[in-house]
Protein chains: 2
Amino acid sequence: MAGRPKIFDKHEVVNKAADLFWSKGYEAASTEELLAAMGIGKGSFYLAFPEGKRELFEKALDQFNNGALQRLYAALEKGGEPVEAIRRFFLDMAVAPKEEHGKGCFMGNTVAALSNIDDELKQKAVQRLKQLEQLFYNAISKAKQQGTLKTGEDTATLARYLLTLWNGLNITRRMYTDPKVLRPLIELQLKILH
Amino acid sequence: MAGRPKIFDKHEVVNKAADLFWSKGYEAASTEELLAAMGIGKGSFYLAFPEGKRELFEKALDQFNNGALQRLYAALEKGGEPVEAIRRFFLDMAVAPKEEHGKGCFMGNTVAALSNIDDELKQKAVQRLKQLEQLFYNAISKAKQQGTLKTGEDTATLARYLLTLWNGLNITRRMYTDPKVLRPLIELQLKILH
DNA sequence: ACTATTTTGTACTATTTGGTAAAAAATAAA
DNA sequence: TTTATTTTTTACCAAATAGTACAAAATAGT
């Protein structure tokens, strides 16, 4: 295959762009900043992403993976106790670095920002959040089967409870970053899993 | 007092602007759109708000009042049973018009959008959310004193639980607008007040 | 070495944006 | 009725923005 060699990996630059979108949001992240963050020029960019910024954002939404979420996924895969994995997932938020508090949830931010602006992009973010809900659903199902979670509450509703907790904490953590505030708050929220 | 008469009331146009900011957010609401929504021209606008769009947004944050929230405030003022007032406040979200679901919480949206963009505006939104938290705090205090709420949980933490519920629901309601989903979710979330 | 192919870098452009300036209009006071 | 004052209207502007065009560069195959 002939041609001048590429100087970047598409997957990698999308990750870098996603990180900036996560911090600043779709509108506030300018193409210039994005190019700087990705380390490529306009020519390369518009060749790789002919639709420009919007296409880049779409790819970012598809490919984004929150570190904390990946750990939860891994813990559940590994067959650890589901309720304990969920507890840890949420309690870890209380001691996250301040910069992470400020960023919140990329998908939640997107849903909030684009609900009345760009329905297609919003729906993509919604879809990713529903994946998280599904993760909760599976974990709760498993815990119920195992008998580690004994509650009369509906599994689907419990999953949405946790989803709503996630959504809410990602706003509240911008108001309170102190673990002394966040920890007891999260503990209280998780009492439902007793 | 001499001079050409004003054709608008400042308070009123700020409300109209706030409504657009609520729908579209700070960045996405262009000055042009804002002027159209307010029904005034550039000259009038920059005379009344010399700092422009940002000043208008500040005023909008200060002066904004969510209808649902006003009703909660009124119910509590009137001396109604606090826990019941809070229950109604949240359960009413389940049957809100779809357009309101799409808008979510103006302050939550602002915190999410401006956390890494404009700290001063973000702080103003945070402050307003803390007012809501305070409202919850007072209501819970009162209910505890009256004996209508018997729980060992800390009042401050319960208030932040409700604040986080508010924050979370205002994202989740963009994913699910069906009362059949929202109602049982909110019921479950409010079990803590039993 | 030459050619076809692909990517990169750079200069350019059209549009949108928030904002300014100044003339025209509408009033109250003298 | 004139004047001072305040607001509105309209024309203008500078900066930023996303995006385009195209020449130069770097490779593989012949």
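Given the structure is predicted, the values throughout are model-derived calculations rather than measurements. FYI, side chains are in, hydrogens and waters are out, and symmetry mates aren't considered; it's all heavy atoms of this structure.
Partners of B:Asp62 under the salt bridge (charged side-chain N to carboxylate O under 4.0 Å, His left out) rule, at least two apart in sequence or in another chain, are B:Lys124. In this view, A:Asp19 and A:Lys103 satisfy the salt bridge (charged side-chain N to carboxylate O under 4.0 Å, His left out) rule, not counting sequence neighbours. In this structure, the salt bridge (charged side-chain N to carboxylate O under 4.0 Å, His left out) partners of A:Arg54, at least two apart in sequence or on a different chain, are A:Glu58, A:Asp118, A:Glu120. In this view, A:Ser23 satisfies the side-chain hydrogen bond (donor to acceptor under 3.5 Å, both in side chains) rule with no residue, not counting sequence neighbours. For B:Tyr26, the ring pair (Phe, Tyr, Trp, His ring centres under 6.0 Å) criterion is met by B:Phe57, not counting sequence neighbours. For B:Glu153, the salt bridge (charged side-chain N to carboxylate O under 4.0 Å, His left out) partners are A:Lys191, not counting sequence neighbours. A search for ring pair (Phe, Tyr, Trp, His ring centres under 6.0 Å) contacts involving B:Tyr161 returns nothing, not counting sequence neighbours.
Taking the six-membered ring where the residue is Trp, A:Phe21 and A:Phe106 present parallel rings, their angle staying beneath 30° rather than reaching 60°.
If you measure from atom CD1 of B:Ile7 to atom P of D:dT6, you get 18 Å, rounded to the nearest angstrom. Distance, A:Lys6 NZ to D:dA28 P: 16 Å, rounded to whole Å. Rounded to whole Å, atom P of C:dT17 lies 12 Å from atom CG of B:Leu35. Following rounding to the nearest Å, B:Phe8 (CZ) and C:dA26 (P) show an atom-to-atom distance of 17 Å.
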Identify every side-chain donor-acceptor pair in residues 33-51 of chain B under 3.5 Å, counting partners at least two apart or on other chains, and give the distances.
residue: B:Glu33; atom: OE1; partner: B:Ser30; partner atom: N; Å: 3.0
residue: B:Glu33; atom: OE1; partner: B:Ser30; partner atom: OG; Å: 3.4
residue: B:Glu33; atom: OE2; partner: B:Lys24; partner atom: NZ; Å: 2.8

Under 3.5 Å, side-chain donor or acceptor atoms of residues 65-79 of chain B against the rest of the protein: list the pairs with distances, not counting sequence neighbours.
residue: B:Asn66; atom: OD1; partner: B:Ala68; partner atom: N; Å: 2.8
residue: B:Asn66; atom: OD1; partner: B:Leu69; partner atom: N; Å: 3.4

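Across all strands shown, C:dG19 forms a Watson-Crick or G-U wobble pair with D:dC12, both key distances being under 3.5 Å.
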Check the interface with nucleotides 23-26 of chain D: list each N/O to N/O pair with the protein under 3.5 Å, or write none.
residue: D:dA25; atom: O4'; partner: A:Arg4; partner atom: NH1; Å: 3.4
residue: D:dA26; atom: N3; partner: A:Arg4; partner atom: N; Å: 3.2

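A ring-centre distance under 6.0 Å is found for A:Trp166 and A:Phe89.
Taken residue by residue, residues 21-29 of chain B places no heavy atom nearer than 4.0 Å to DNA chain D. For DNA chain C, the residues of residues 40-50 of chain B within the heavy-atom distance limit of 4.0 Å (strictly under) are B:Lys42, B:Tyr46, sorted by number.
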